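One structure is given below, encoded as C-alpha cells.
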Amino acid sequence: PGVSNQRTGFIGTLSGTVKNLTVTGTLHSEAVSESYAGGIVGYADEGAHIESCVNEVVVDAVSSVYAGGIAGGVNKAFVKGCTNTASITANKAGGIVGKIVTTSSLKSADPTIQDCRNTGAIKSEGTIAGGIVAETGGTLLRITGCVNTGTVTLQMSSSSSGYAGGIAAYVGLSSGRGNSFELTDCR
C-alpha cells in the first residue's frame with residue numbers, strides 16, 4: 001500500500017540549491033494523498049533553486065501522486081534552465097513540475113519556472129497532464145521562456161473532469177486582488 005505525503009526523487013526534499021545535475025534511470029512511486037515524485041527533486045521547499053539540471057529518469061507514479069520530470073512539487077521555489085527528456089506517467093503529470101503549491105511570497109518580477117524544456121511524453125492516467133506544469137496554485141505565478149515538444153496525453157477512466165495543456169494544464173489562483181498568472185515567450 002502507498003504512503004501519504006511522500007516525497008520521492010534523486011533528492012527527496014530540497015531546501016537549498018541544486019545545479020548542473022543529470023540523472024538517469026527509473027522511478028516508481030505508489031504513494032497516495034498529496035505525495036510528490038520527481039526525477040531530480042520530489043519536493044522543492046521555500047527558497048529552493050533548481051538550475052541547469054537534466055532529467056532522463058522515467059517516472060511512473062500511481063494513485064494521487066503529483067509527478068514531474070524535474071520536481072514533483074515546488075513551494076515558493078524556482079526552476080530555471082532545466083530539461084526533461086523522459087516519459088512521466090502519473091495521475092497528475094507535468095514535464096517539468098507536477099504541482100506549484102504556492103507562490104504567495106514571491107516578488108512579482110521573479111519567474112517560478114524559467115527557460116525550461118520538455119521533450120518527454122507526458123501521460124496522465126487520471127485528471128491532469130501538462131507539458132511544463134500539471135497544476136498551479138497560489139497568488140503570483142510566472143512561467144517564461146519554456147518550450148514543450150513532448151506529447152501530452154490525458155487518459156481518463158471515468159466521466160469526471162480532466163485537464164490537459166501543452167504548457168500548463170490547470171491554473172488555480174487564490175482569490176483576491178493582485179493575484180496573477182503570467183505566461184511569456186513559451187511554446
Side-chain angles (χ1 to χ4, degrees), residues 1-12 21-44 50 53-74 77 79 82-101 112-113 115-137 141 143 145-172 181 183 186-187:
V3 177
S4 64
N5 200 21
Q6 185 175 351
R7 299 166 177 194
T8 309
F10 185 77
I11 300 167
L21 176 67
T22 299
V23 292
T24 61
T26 59
L27 171 68
H28 181 75
S29 175
E30 293 186 21
V32 296
S33 183
E34 283 298 310
S35 292
Y36 303 92
I40 305 284
V41 174
Y43 191 85
I50 306 169
C53 292
V54 177
N55 177 57
E56 298 173 355
V57 173
V58 174
V59 177
D60 179 26
V62 296
S63 194
S64 60
V65 175
Y66 288 96
I70 303 301
V74 298
V79 181
C82 295
T83 301
N84 174 60
T85 63
S87 64
I88 310 297
T89 302
N91 184 27
K92 301 164 186 171
I96 301 298
V97 174
K99 182 177 184 181
I100 298 172
V101 179
T112 308
I113 302 175
D115 300 329
C116 292
R117 173 179 292 273
N118 174 60
T119 61
I122 309 305
K123 181 179 180 185
S124 169
E125 295 179 338
T127 57
I128 304 172
I132 300 298
V133 62
E135 180 179 339
T136 70
L141 174 64
I143 300 174
C146 293
V147 176
N148 174 49
T149 59
T151 59
V152 176
T153 306
L154 178 61
Q155 180 179 332
M156 297 176 55
S157 58
S158 68
S159 61
S160 64
S161 297
Y163 307 93
I167 300 295
Y170 181 84
V171 177
F181 171 74
L183 186 64
C186 295
R187 58 187 200 289

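Only a predicted model underlies this, so the values are computations on that prediction, with no experimental measurement involved.
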Could you give me the CA-CA distance, side-chain angles and deciding distance for I122 and N84, then say whether side-chain contact (heavy atoms from CB on, under 4.5 Å) is met? CA-CA 10 Å; I122 309 305; N84 174 60; 4.3 Å; yes

Shortest non-hydrogen contact from A77 toward V74: CB-CB, 4.1 Å

The criterion is ring-ring contact (aromatic ring centres under 6.0 Å, His included); which residues satisfy it with Y170, sequence neighbours excluded? Y163

Is F10 close to V57 at the side-chain level, that is, under 4.5 Å between some pair of heavy atoms? no

Answer yes or no: is there a side-chain heavy-atom contact under 4.5 Å between T136 and T112? no

With a 3.5 Å cut-off and no angle check, do the side chains of Q155 and T153 form a donor-acceptor pair? no

Taking the side chain as C-beta and beyond, is there a heavy-atom pair between C116 and V79 under 4.5 Å? yes

Roughly how far apart are I128 CD1 and L154 CG, rounded to 0.5 Å? 9.0 Å

Heavy-atom check, side chain of I100 versus side chain of I113, under 4.5 Å: yes

Distance check, rounded to the nearest 0.5 Å: I132 atom CD1 versus N148 atom CG? 5.0 Å

Side chain to side chain donor-acceptor pair (under 3.5 Å) against N91, all qualifying residues, sequence neighbours excluded: none

Atom CG in D60, atom CG in L27: separation rounded to 0.5 Å? 8.5 Å

With rounding to the nearest 0.5 Å, note down the distance linking CG in N55 to CD1 in I40. 5.0 Å

Do the non-hydrogen side-chain atoms of V101 and Y36 ever get within less than 4.5 Å of each other? yes

To the nearest 0.5 Å, what is the distance between NE2 on H28 and OG1 on T89? 11.0 Å

Nearest heavy atoms of A129 and A169, plus distance in Å: O-CB, 3.2 Å

Locate the shortest heavy-atom distance separating I167 from C186; write the atom from each residue and the value. CD1-CB, 4.0 Å

Report the distance from atom CD1 of I96 to atom CD1 of I50, rounding to the nearest 0.5 Å. 10.0 Å

If the condition is side chain to side chain contact (heavy atoms under 4.5 Å, CB included), which residues does T24 pass it with, not counting sequence neighbours? E56

Nearest heavy-atom contact between A164 and V152 is CB-CG1, 4.3 Å

For G98 and A134, which heavy atoms make the closest approach, and how far apart are they? O-CB, 3.1 Å

